[in-house]
Structures are given as C-alpha cells and as structure tokens.
Amino acid sequence: MPLIAMNLFKALVTVSGMTLLSRVTGFVRDLLTARWFGASVGTDAFFLAFSLPNLLRRLFAEGAFSQAFVPILGEYRNRRGQEETRHLIDCVATVLAWVLVAVTLLGIVAAPAIIWIAAPGFADEPGKFDLTTLMLRIMFPYIGFVSLVALAGGVLNTWSKFSVPAFTPVLLNLSLIGAMWGFSRFFDPPILSLAVGVIVGGVLQLAFQIPALARIGLMPRLRLNVAQAWRDEGVRRVMRQMGPAVLGVSVAQVSLVINRVFQSFLETGSISWLFYADRLMEFPTALLGVALGTVLLPSLSRASARADTVEYAALLDWGLRLTCVLALPAAIALAALSLPLVTTLFHYGRFDAHDVTMVRAALVAYAIGLLGLILVKVLAPGYYARQDIRTPVRIAIGVLVLTQLMNLAFIKPFAHAGLALSISLAACINAGLLYAGIRRRGYYAPRAGWRAFLLRVGIAALLMGLGLWWAANRVDWLALGANPMLRAAWLVALIAAGGALYVGLLFALGLRLKDVRRSA
C-alpha cells in the first residue's frame, strides 16, 4: 500500500497543479469579462448560451460517458490485452463522433426553440433572445470537440497520463482571454468575441491531446461503417452503462436547467451574479473534487477488476479523509472571505458595488454545500468503479425533486441566492445518501480513528473561520477599489494567515500527515 499511496498522491498533486493553473487562467478570464462587460444583458445572454453546450458536455462527455467508459476500458486493459483494448477505443470513438455530428447539427437548427425552453423569460426581451440564440448557434459545435477531448482524457487517465487531460482546460481559458483582448473590437456587439473564442478553444483542446494519444499508441481510428462499430460487444456494454449514467448525470443537469428557468424571471444580472459566484465555488471543487475523482476512478476500477476489496476500501477512505481535511476549511474560508474575494477579483469597470453585494450573497449560499459537492465526486466513483450506476441515479432523482421544492421555498425570500442555497443543501443530502448506500452495500467500511479525526478537523476549521471573519471585517474592501494592488495584497495575506493558522491548529490538536495518508 505505501507504493499505491505514493503514486496516488503524486497523481493527485499533478492533477491538482494543472487544475490550479486552469482555475487561475479561468479567473483571469472572468475578471476580464466582469471588467469589460459587467453584469449586463450581453453577459446574461453569453452565460446562458454557453451553459447549454456545457450541459451536454457534462451529460455526454465528462459525465455519463466517462462513468461508463473508463471502468470498462480499465477492465479491457487488465484482462483482454492491447489489441482488444485498441479495438474498443476505435469503435467507441467512431460511434461517439457520428452521434456528435448529428447532435451538433440538430442543436444549431433548433437553437431558438432551445433558448425558449431554457429561458422563457428572455422571450419578453427580443434583443436579448436573439443575441442568446446567435451565440448558442456559434458555440454549439463546442460539444463535439469537447466530447472527443473527454474520450481522449479517459484513455490517457486509464494509462495514468494525468497531466495532459488536466492541462487541457487551460487552452479554453487562454482562447477566451485572447478573443476578448485581441478581437472584441471587431464584433458588434463585442461580447460575440467570447462565442468565437469558445469554438477556437474546443479545437485547441482536441489538438493538444492527439500527440499524447499517439505516444501510447492509442490514437483512435474512426471508421465509416458506424453500424459495424455499434454492434461491437464493448460498445454495447458502454451504451448499456451509459443509459443509467445519462439518467443520473441528467438529473443534476436538469436541475441546472430548471434553475436557469427560475433565473430568467429574476432581475437582469441574476444569471451573471450566480455565474461569478459559481466560478469562485468551482475553484476548490475542481482543485480537490474533480482531481480526486479523476485519480480515484481508474484506481478504483483496477481494484474492482482484480476483486481487491482491501485496496478498494483503502482508496475510498483516503479520498474521504483528504476531502474532509481540505474541503471543510475551504468552505468556511469562502464564506468568511466572500466580500474580499468578490471585490478583489471582480470589482472593476462596470462591475459595481451592487454587483458585489449580489455575488457575495450567492457565494455564501454556495459555500454551505461545498463539502457535500466534493464528497459526491469522491463517493460516486465508488459506485461507478463497480459498474453500479443505478444506485446513484435513484438517489439523484430523489434529490432533484427535493431541490425544486427548495427552489420554490427559497426564491421569494432570497431571490438568486435562494437558488444557490437549494443546490448546496441538495449536494449535502446527495452526499449523505451516497455514503449511506455505499456502507449498506458493503462496498466500504471506515478505518479506525474517524471520530477523533473529524473532531480535530472541525475545531481547527471553525477557529480558522472565526479568525478570518474577524480580520476581514477590519478592512473596508470597497473603499480599497482605488488601490487594487493593496486590496490584492491584503487578500493574499489573509489567505496565507488562514492557511497557516489552520495547519498550526491541526498540529496542536495532534493531527499528523500520516493520519491522512495511512488509509491510502
């Protein structure tokens, strides 16, 4: 197990490092978007239009497809040899590519109907509706490129080549930054440059993965005879697994679509406020949750294929401990530093003090569910690796219904922040149900020492949060807008002090590195 722990920790650091780079460039992208376009009709239109191909990306690419494909690919690699594995990759790539062509063409043609369904409130503002439709048509081919990127990433991750797929999202951010910086003046309205930047980013992401696939000899060979590829045994297995996987992932995405419907009836700027808050939430979610899920799924799949229940349980235990020790303080810090974060990152140009207040409210609501969101990304692979997709689906359907009931309850008193709060509470419920199910089915039993571990982490995180809240309230962050470098320096100092305080408290309470690593 020490070698496994070392390799997993190295892989996690690699993926997290690349994800950090992606999030930093993403923040630069969002900062420029906020500075140049604010929270306006144009940004509402772009964020809504971009969310729709992103929804399909999560549904077919990073979501259902990866959950169904990676465990079966791992099984082929461990049990069937190189030739059969390569044949599977070729057939899956062929079917996926032709399906994506059809979906893309349909999406471009049906763009007005899609916008009308996704944001009926836009229909009352013809200019906003037409702009959103145009941007959706420009961006829809992105789903094709990014889905093939997910296929390539699944192959590379199964071969433990984590760095290339983890770096790939950086290229989308750089493309959007370049589009805003260099070409926005050539578009009318200028925000159309972002839609073009999305397509360029998709092409760059796919092109970047091709050499890595070629180096391991697994560059997919697309075939014209899609019917023959469809009849392949492995493809049919992936498709059967994708059925419940699509349903499971679609539950979360349907929830987002319904949220968009609610948002479209709120005041102008609401979609943008939630987007900016969500971007801040995605930083720790991706840095830890996505990175852990990326590393754990192939490792859990290998353990499951070998019927190694000891390693399987140890991997889950390691992921859960790491999540608790990092995600809980991150959630508390996001809430305590919500005002410093929003002002430092976005309070420039057309992004005014009212926008700061609205984004801050959404961020605090989102922070409540951060631990649950990341726990879901660790617990769900525990089911997928055993090719049990139906259980998470049943849980997700129940959570979807509950989320919409909470939306109805929270939207009137809390407006846009109420929608964020319902997502947060639903994530915590989802994580709790997944954990209960994985225990009940005997997939996982906690190692010794969890009660003392949680007590130490909870005390340290709470004291750190109180310290950050006190320190953050000693500064007038809005007044510091005239000196952005000083504001940024204060924020960095607070984050560094909070991190040092948390680590020091953990050490004083008796927690050591081995308490996090021993279970891996």
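Quantities reported herein were computed from a predicted structural model and do not represent experimental measurements.
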Stepwise salt bridge (Lys or Arg N to Asp or Glu O under 4.0 Å) test for Arg80 and Glu233: CA-CA 13 Å; Arg80 303 207 184 189; Glu233 175 209 354; 3.2 Å; yes
Side-chain contact, heavy-atom cut-off 4.5 Å: Arg237 with Tyr76? yes
Considering only NZ, NE, NH1 and NH2 on the basic side and carboxylate oxygens on the acidic side, decide whether Glu84 and Arg77 come within less than 4.0 Å. no
Tell me, with the steps shown, if Arg86 and Leu218 meet side chain to side chain contact (heavy atoms under 4.5 Å, CB included). CA-CA 6 Å; Arg86 181 175 179 83; Leu218 292 173; 4.2 Å; yes
Nearest heavy-atom neighbours spanning Leu88 and Val235: CD1-N, 3.9 Å
Can you confirm whether Tyr366 sits close enough to Leu373 that some side-chain heavy atom of one is under 4.5 Å from a side-chain heavy atom of the other? no
Minimum heavy-atom separation for Arg441 to Arg394, with atom names? NH2-NH2, 3.6 Å
Taking 4.0 angstrom as the limit, do Asp30 and Arg279 come out as a salt bridge? yes
Specify whether Phe167 and Phe208 have parallel, tilted or perpendicular ring planes, treating 30° as the upper limit for parallel and 60° as the lower limit for perpendicular. tilted
Run through Leu328, Leu375, Leu334 and flag the one making a side chain to side chain contact (heavy atoms under 4.5 Å, CB included) with Leu370. Leu334
Would you check if the side chain of Tyr383 reaches a backbone N or O of Ile438 as a donor-acceptor pair within less than 3.5 Å? yes
So, do Phe262 and Ser422 sit near enough that their side-chain heavy atoms are less than 4.5 Å apart? no
Sub-4.5 Å side-chain heavy-atom contact between Cys324 and Leu454: yes
So, the side chain of Asn173 versus the backbone of Ser22: is there a donor-acceptor pair under 3.5 Å, distance only? yes
Give me the ring orientation class for Phe47 and Tyr276: parallel if the planes are under 30° apart, tilted from 30 to 60°, perpendicular past 60°. perpendicular
Between Asp278 (side chain only) and Leu274 (backbone N and O only), is there a donor and an acceptor less than 3.5 Å apart? no
Donor-acceptor under 3.5 Å (Thr158 side chain, Gly74 main chain): no
The single option from Ile89, Val155, Ile210 that satisfies side chain to side chain contact (heavy atoms under 4.5 Å, CB included) with Met219 is Ile210
Contact summary for Leu339 and Thr343, nearest pair of heavy atoms: O-OG1, 2.8 Å
Just by distance, do the side chain of Asp317 and the backbone of Arg447 share a donor-acceptor pair under 3.5 Å? yes
Compare every heavy atom of Arg360 with every heavy atom of Ser338, then report the nearest pair and how far apart it is. OG-NE, 3.1 Å
Any non-hydrogen side-chain atom of Trp159 less than 4.5 Å from a side-chain atom of Arg215? no
Using modelled atom types and a 3.5 Å cut-off, is there a donor and acceptor pairing between side-chain atoms of Thr285 and backbone atoms of Met281? yes
Would you indicate whether the side-chain heavy atoms of Leu463 and Leu501 approach each other to under 4.5 Å? no
Heavy-atom pair with the smallest gap, counting every atom of Pro340 and Leu491: CB-CD1, 3.8 Å
Trp490 six-ring centre to Arg474 NZ/CZ under 6.0 Å and within 45° of normal: no
Over 12 foreign heavy atoms within 6.0 Å of CH2, Trp469: no
When you measure from the centre of the six-membered ring of Tyr312, is the NZ or CZ of Arg386 under 6.0 Å away and within 45° of the axis? yes
Between Leu494 and the options Leu341, Val475, Leu337, the side chain to side chain contact (heavy atoms under 4.5 Å, CB included) test singles out Leu337
Main chain of Met358, side chain of His416: is a donor-acceptor contact present, judged purely on distance under 3.5 Å? yes
Can you give me the closest heavy-atom contact between Ala333 and Leu468, atom names plus distance? CB-CD1, 3.9 Å
Hey, does the side chain of Arg29 reach the backbone of Leu174 with a donor-acceptor pair shorter than 3.5 angstrom? no
